Amino acid sequence: MTLIVGYFKNFGSKDVEKIVTEFKKIHPEIDIELMPLYQDQVGDALAEGKIDLALTDPRDNDFKNYQLQLITEVSLMIILQAGNFMFGEQTVDIKDLRKIPNILITKTEEEAGELHYHKDILKITSPFIAVDSFNEAALMAASGSGYFLMNERPADLLMNDQLQKMFLLNDGQQLKQDYALVGKKDLDYFDDFAQAAKSILVDD
């Protein structure tokens, strides 16, 4: 049997691959196929049977026709040119970024969804610029053209002396991103996959 697992592209593949390895300790007989997706694609991929479950950030989608389990919350960070803020500063508030462009990493067809998340859910008031790759965003940030968002887990893997990482606040409150598992209601392996996800994302 093959289980098709979608995951939100912005999470990166490293954690997902670790979760798959953990899951296969329990179910070595199950083959896993991974499918990277934008957040807005997850619902359609489930409805069309392209995936069986997905690790994603639900945002304002309640996925009411599916199983949904929150795995953890991870702090959001901004990545920008080193030196924009004093060395050693660990946090920055949204209001202090309003004149610095927010770089959205997104394909054209997903731009509206990402803009909605940044503008309406996170309440970011910066001007917005869209690029279609992480490398392009990193180059723009390093040149002082703006900042982009990552959560703390993939941000920890980013090593670049030209870039500064800061935790993102809104009115003094740390902003976080949800990691949640969503899947078909009749999926037998949902709970075991959720447990594998918790062992990597929470207990690791």
Side-chain angles (χ1 to χ4, degrees), residues 5-19 34-45 50-51 54-61 71-85 91-94 96-170 174-180 182 201:
V5 178
Y7 66 92
F8 183 29
K9 285 183 177 183
N10 290 13
F11 291 167
S13 61
K14 197 173 189 69
D15 281 331
V16 181
E17 289 166 358
K18 288 181 180 179
I19 293 167
L34 295 177
M35 183 181 293
L37 298 164
Y38 284 105
Q39 194 273 349
D40 283 355
Q41 294 176 312
V42 171
D44 288 341
K50 293 179 179 178
I51 59 173
L55 185 70
T56 190
D57 174 8
R59 299 180 178 174
D60 53 0
N61 189 333
I71 304 300
T72 191
E73 295 177 321
V74 181
S75 296
L76 281 172
M77 307 188 79
I78 67 159
I79 317 295
L80 76 169
Q81 184 185 47
N84 270 268
F85 293 89
T91 64
V92 62
D93 203 284
I94 281 175
D96 298 320
L97 297 169
R98 59 185 178 274
K99 293 183 179 179
I100 304 175
N102 178 201
I103 303 166
L104 307 179
I105 305 171
T106 178
K107 300 295 184 184
T108 302
E109 61 271 22
E110 298 301 325
E111 189 174 325
E114 287 303 299
L115 183 63
H116 167 62
Y117 174 60
H118 287 237
K119 186 176 181 180
D120 301 324
I121 297 177
L122 297 180
K123 307 297 184 186
I124 290 173
T125 56
S126 300
F128 296 97
I129 302 172
V131 300
D132 63 7
S133 74
F134 170 82
N135 287 340
E136 188 177 355
L139 286 170
M140 289 184 68
S143 70
S145 299
Y147 68 90
F148 62 96
L149 266 61
M150 298 180 77
N151 76 54
E152 187 178 7
R153 293 189 69 90
D156 281 347
L157 304 174
L158 179 63
M159 302 296 175
N160 187 327
D161 292 340
Q162 295 179 295
L163 296 172
Q164 181 176 3
K165 296 182 280 192
M166 304 177 75
F167 290 100
L168 184 60
L169 312 180
N170 187 1
Q174 172 68 59
L175 291 174
K176 294 181 180 289
Q177 184 170 53
D178 288 340
Y179 277 63
V182 58
L201 299 173

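Only a predicted model underlies this, so the values are computations on that prediction, with no experimental measurement involved.
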- Could you check Gln39 against Tyr117 for side chain to side chain contact (heavy atoms under 4.5 Å, CB included), going step by step and ending with a plain yes or no? CA-CA 10 Å; Gln39 194 273 349; Tyr117 174 60; over 6 Å; no

Considering non-hydrogen atoms only, spot the tightest contact between [X] and [Y] and give its length.
X	Y	result
Tyr147	Ile100	CE2-O, 3.3 Å
Thr106	Ala130	CG2-CB, 4.3 Å
Ile51	Ala54	CD1-CB, 3.8 Å
Gln162	Ala142	CB-CB, 4.1 Å
Ser145	Ile129	O-CD1, 3.9 Å
Ala138	Leu163	O-CD2, 4.0 Å

- Task: Step by step, work out the side chain to side chain contact (heavy atoms under 4.5 Å, CB included) result for Asn61 and Val42.
- Result: CA-CA 10 Å; Asn61 189 333; Val42 171; over 6 Å; no

Nearest-0.5 Å distance that lies between atom [atom1] in [X] and atom [atom2] in [Y]:
X	Y	atom1	atom2	value
Ile79	Met140	CD1	CE	15.0 Å
Phe148	Ile105	CZ	CD1	5.5 Å
Thr56	Ile71	OG1	CD1	12.0 Å
Asn151	Phe167	CG	CZ	10.5 Å

Would you indicate whether the side-chain heavy atoms of [Y] and [X] approach each other to under 4.5 Å?
X	Y	answer
Glu110	Gln41	yes
Leu55	Phe8	no
Glu111	Phe128	no
Asn102	Leu149	yes
Pro101	Ser126	no
Glu114	Asn10	yes
Pro58	Asp178	yes
Leu34	Glu17	yes

- Message: I need the single residue from Ile94, Ile78, Leu175, Leu115 that forms a side chain to side chain contact (heavy atoms under 4.5 Å, CB included) with Ile124. Which is it?
- Response: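 That would be Ile94; it is the only one of Ile94, Ile78, Leu175, Leu115 passing the side chain to side chain contact (heavy atoms under 4.5 Å, CB included) with Ile124.
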
- Would you list the pairs meeting salt bridge (Lys or Arg N to Asp or Glu O under 4.0 Å) in which at least one residue belongs to residues 117-146, sequence neighbours left out?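 For residues 117-146, and leaving out neighbouring residues, there are no salt bridge (Lys or Arg N to Asp or Glu O under 4.0 Å) pairs at all.
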
- Message: Looking at Lys176, I want to see if its NZ is surrounded by more than 12 non-hydrogen atoms of other residues, nucleotides or ligands under 6.0 Å.
- Response: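 Yes, NZ of Lys176 has more than 12 neighbouring heavy atoms, counting only those of other groups under 6.0 Å.
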
- Listed partners of Asp57 passing salt bridge (Lys or Arg N to Asp or Glu O under 4.0 Å), at least two apart: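 Applying salt bridge (Lys or Arg N to Asp or Glu O under 4.0 Å) to Asp57 gives Arg59.
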
- Can you find a side-chain donor-acceptor pair between His116 and Asp60 that sits under 3.5 Å?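 On atom types as modelled, these side chains qualify, holding a pair under 3.5 Å.
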
- Task: Assign the ring pair Tyr179 / Phe11 to parallel, tilted or perpendicular, where the plane angle (0 to 90°) is split at 30° and 60°.
- Result: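 Because their plane-to-plane angle is under 30°, the rings of Tyr179 and Phe11 count as parallel.
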
- Item | Verdict with supporting geometry, Thr91 and Met166, side chain to side chain contact (heavy atoms under 4.5 Å, CB included) | CA-CA 5 Å; Thr91 64; Met166 304 177 75; 5.9 Å; no

- Message: Any side-chain to backbone donor/acceptor pair from Ser75 onto Glu152? Under 3.5 Å, distance only.
- Response: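 No.
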
- Query: Side chain of Gln174, backbone of Leu168: donor and acceptor closer than 3.5 Å?
  - Reply: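 Judged by distance alone, yes, a pair lies under 3.5 Å.
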
